[in-house]
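Proteins come first, then strands; the chains are lettered A, B, ... in the order of their sequence lines, and each starts at number 1.
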Amino acid sequence: MQVELFDTLSRQKKPLEPKDNTVRIYHCGMTVQSRPHVGHLRGYIVMDALRRFLRFKGYEVRLVQNITDIDDKVIEKSRAEGIDWRMLAERNTGELLTVTDALNIERPTVMPRATQHIEEIINLVSQIIEKGHAYESEGDVYFDVRSYPAYGKLSGKRIDELESGARIEPSENKRDPLDFAVWKAAKPAEPYWYSPWGKGRPGWHIECSAMSAHYLGSEFDLHAGGEDLVFPHHENEIAQYEAATGKGFAKAWMHVEMLNLAGEKMSKSTGHLVLASDVFDKYDPNVLRMFTLRVHYRAQTEYTMEGMDEAQAAWERITTFLTAAESLVPEPALASEYPELDEVLSDDFNTPKAVGMVFDLVKQGNEALASGNKDKLAEATAKLNLALEILGFAPRRDRGGGDIQTLLDLLVSFRTELRKAKAFKWADKLRDMIQAVGLIMEDTKEGTRIRFR
RNA sequence: GGCGGCAUAGCCAAGUGGUAAGGCGGCGGUCUGCAAAACCGCUAUUCCUCGGUUCGAAUCCGGGUGCCGCCUCCA
């Protein structure tokens, strides 16, 4: 099954056709000026699932995910806190990795930092100047937007229409208000690197052009990021790379829609957001993955407590089934193929449909469980395990190890004794106490069992 | 002002020409000491609205209304 994704540039679904067996992907990561929020996580979860799916399809995936660790805001915020800008960047990077690790998001193949690629950035800036598409001015270097006719091809904007927009930042050093900085002269006490244009730092946008080219070359397969990056960030990335080299940049563009809060996009600048770390105080990481993947990546959606609670209930339906299935089929099998799932994910990565199929499997599994059909149960479980693996869910398989298991068994037999003795008051008291620490005790035909929430 | 997207049950959400997936919630039933879980049944004759195309439209076209995003740092 040929994988197709909606490409922002051509505005249609486009087959993914890597030149060899490796799919080269650049995913715009964070500018580590502040702590990660759940909006960031949406993109990371989608990309993680896509990567797993592509690997299932037999591809190698080279995923480059940048950390932009120097820019105006990084400097500004570190000053506000009175700490070194590198400390701020490191702290936020660390937190990002902590939350993505917790979410079972695989680390990218490379996670390049802007500050470690200054040489590549300077070379790219030099090339743009040589080609006559950028100019130096008082130590700044600006991209000359009007010199590059294709400018606007990704976002569908036209220069003259942008010009009439009222919110363009003017600068004395720019020839045209639309021009953007590819290199910025350092003001006193700002961090800097030596360059042909004096002490300075990269402009925002250039690091992504330079690092993607460095790790993936020209015409790599997919460039991904949040919808809000289409303009100007990705538009500028294309302009810089193509103007400098004359070669094509990314072959296809994938944009993940915004996660809104109270009807509005989450935003760092206004503080209108939910921190990633706050989610894990209340929810299992799989719940956020469920919440994310049950909506198509190109649809805006709303982050709400109700939505998360629903996702939690949905996730529990899966884990409850898995726990119950284990009692009959202890060895969790893994299907090797699942064409129907392949089909829906190949069609613009329709994870909501895939999630629907997961629940169909749970249904089939539960039916098999109710009727005692072991073969049917084994088949449903094997497919379910494959689907969960592809989507990146990580149900807890361990029961807490030997000592804990012994203790749990003890509690189960204690309740069994109490019920046998018709001491229901005490049996129920025990169940309530267990539940208070997050374990569910259930009486089934096969006896009492304990499951984790 | 310019560009783009979306409107499907109480809620979330698939479906892009052939007669409405799935989840949550709710109601009834089975099972149970009671629960929980699970299973069975029910829960949108209809897809914002008005026109049009078609044998046939939630799906295509046009007009309205409403919401969101981008045009400024943002995933």
Side-chain angles (χ1 to χ4, degrees), chain A residues 8 11 27-31 33-34 36-47 68 71-74 76 152 155-158 160-169 178 204 224-233 235 255-260 263-270 272-273 290-291 294-296 298-302 304 306-318 320-321 323-324 344 350-363 365-371 419 422-425 427-428 431-432 435 440-445 448-449 451:
Chain A
T8 309
R11 287 161 183 76
H27 182 214
C28 259
M30 271 185 77
T31 300
Q33 51 157 298
S34 51
H37 62 249
V38 290
H40 294 120
L41 265 23
R42 184 179 188 190
Y44 286 86
I45 290 169
V46 168
M47 179 50 69
T68 296
D71 92 319
D72 294 357
K73 286 274 169 66
V74 171
E76 194 181 297
S155 57
K157 297 187 186 305
R158 284 202 251 103
D160 293 327
E161 283 162 1
L162 289 169
E163 196 81 71
S164 62
R167 294 191 288 185
I168 298 162
E169 186 190 335
L178 289 175
W204 186 53
E227 177 69 23
D228 55 346
L229 295 180
V230 173
F231 189 90
H233 187 58
E235 193 71 68
H255 288 103
V256 177
E257 257 295 357
M258 295 295 99
L259 181 64
N260 291 165
E264 278 173 40
K265 186 182 130 178
M266 294 199 194
S267 165
K268 292 187 212 178
S269 51
T270 58
H272 179 70
L273 52 78
M290 174 58 69
F291 176 87
R294 70 187 182 147
V295 182
H296 188 88
R298 286 199 292 123
Q300 281 182 20
T301 192
E302 191 88 10
T304 59
E306 293 73 21
M308 285 296 287
D309 288 345
E310 269 184 29
Q312 178 162 53
W315 175 244
E316 274 182 33
R317 181 167 161 79
I318 294 170
T320 302
F321 165 70
T323 305
V344 300
N350 194 334
T351 60
K353 232 177 189 176
V355 169
M357 294 170 72
V358 161
F359 284 106
D360 288 340
L361 289 172
V362 171
K363 177 88 169 171
N366 275 323
E367 279 167 12
L369 218 40
S371 64
R419 291 180 69 222
K422 304 278 186 205
F424 295 123
K425 192 182 156 192
D428 292 351
R431 184 172 62 193
D432 291 347
Q435 183 153 10
I440 315 284
M441 210 174 213
E442 297 170 328
D443 307 320
T444 71
K445 275 182 202 157
T448 298
R449 68 170 178 236
R451 67 180 167 88

Sugar-phosphate only, base, or nothing, as touched by A:Glu302 at under 4.0 Å among non-hydrogen atoms: nothing
Sugar-phosphate, base or nothing in reach of A:His37, heavy atoms under 4.0 Å: base
Under-3.5 Å donor-acceptor pair between A:Asp228 side chain and B:rC73 base: no
Nearest-neighbour nucleotide for the A:Glu310 side chain, B:rG33, B:rG23, B:rG69 considered: B:rG23
N/O donor-acceptor pair, side chain A:Gln300 with base B:rG69, under 3.5 angstrom: no
Under-3.5 Å donor-acceptor pair between A:Arg431 side chain and B:rA35 base: yes
Ring centroids of A:Phe359 and B:rG22 base under 5.5 Å with planes under 30°: no
Who pairs with B:rG64 - Watson-Crick or G-U, where each distance is under 3.5 Å: B:rC48
Watson-Crick or G-U wobble mate for B:rG1, both contacts under 3.5 Å: B:rC71
Touch class at under 4.0 angstrom, heavy-atom based, for A:Gln33 against every strand present: sugar-phosphate
Closest non-hydrogen atom pair, A:Arg419 against A:Ala427: CG-CB, 3.8 Å
Options B:rC34, B:rC71, B:rC24, nucleotide nearest the side-chain atoms of A:Arg317: B:rC24
Salt-bridge criterion met for A:Glu257 and A:Arg298 (N-O under 4.0 Å): no
Watson-Crick/G-U partner (both atom distances under 3.5 Å) of B:rG18: B:rC55
side-chain N/O A:Lys157 vs B:rG4 OP1/OP2, d < 4.0 Å: no
Under-4.0 Å salt bridge between A:Asp360 and A:Lys363: no
Residue A:Val295, side-chain atoms from C-beta onward, closest of B:rA13, B:rG33, B:rC40: B:rA13
Donor/acceptor link under 3.5 angstrom from A:Asn350 side chain onto base of B:rG15: no
Any strand: nucleotide that pairs with B:rA9 via Watson-Crick or wobble, under 3.5 Å: none
Partner nucleotide, any strand, of B:rC39 [Watson-Crick/G-U, under 3.5 Å]: B:rG29
Among B:rC40, B:rA13, B:rA75, the nucleotide that comes nearest once only the side chain of A:Glu367 is considered: B:rC40
Nearest-neighbour nucleotide for the A:Phe231 side chain, B:rA36, B:rC70, B:rG23 considered: B:rC70
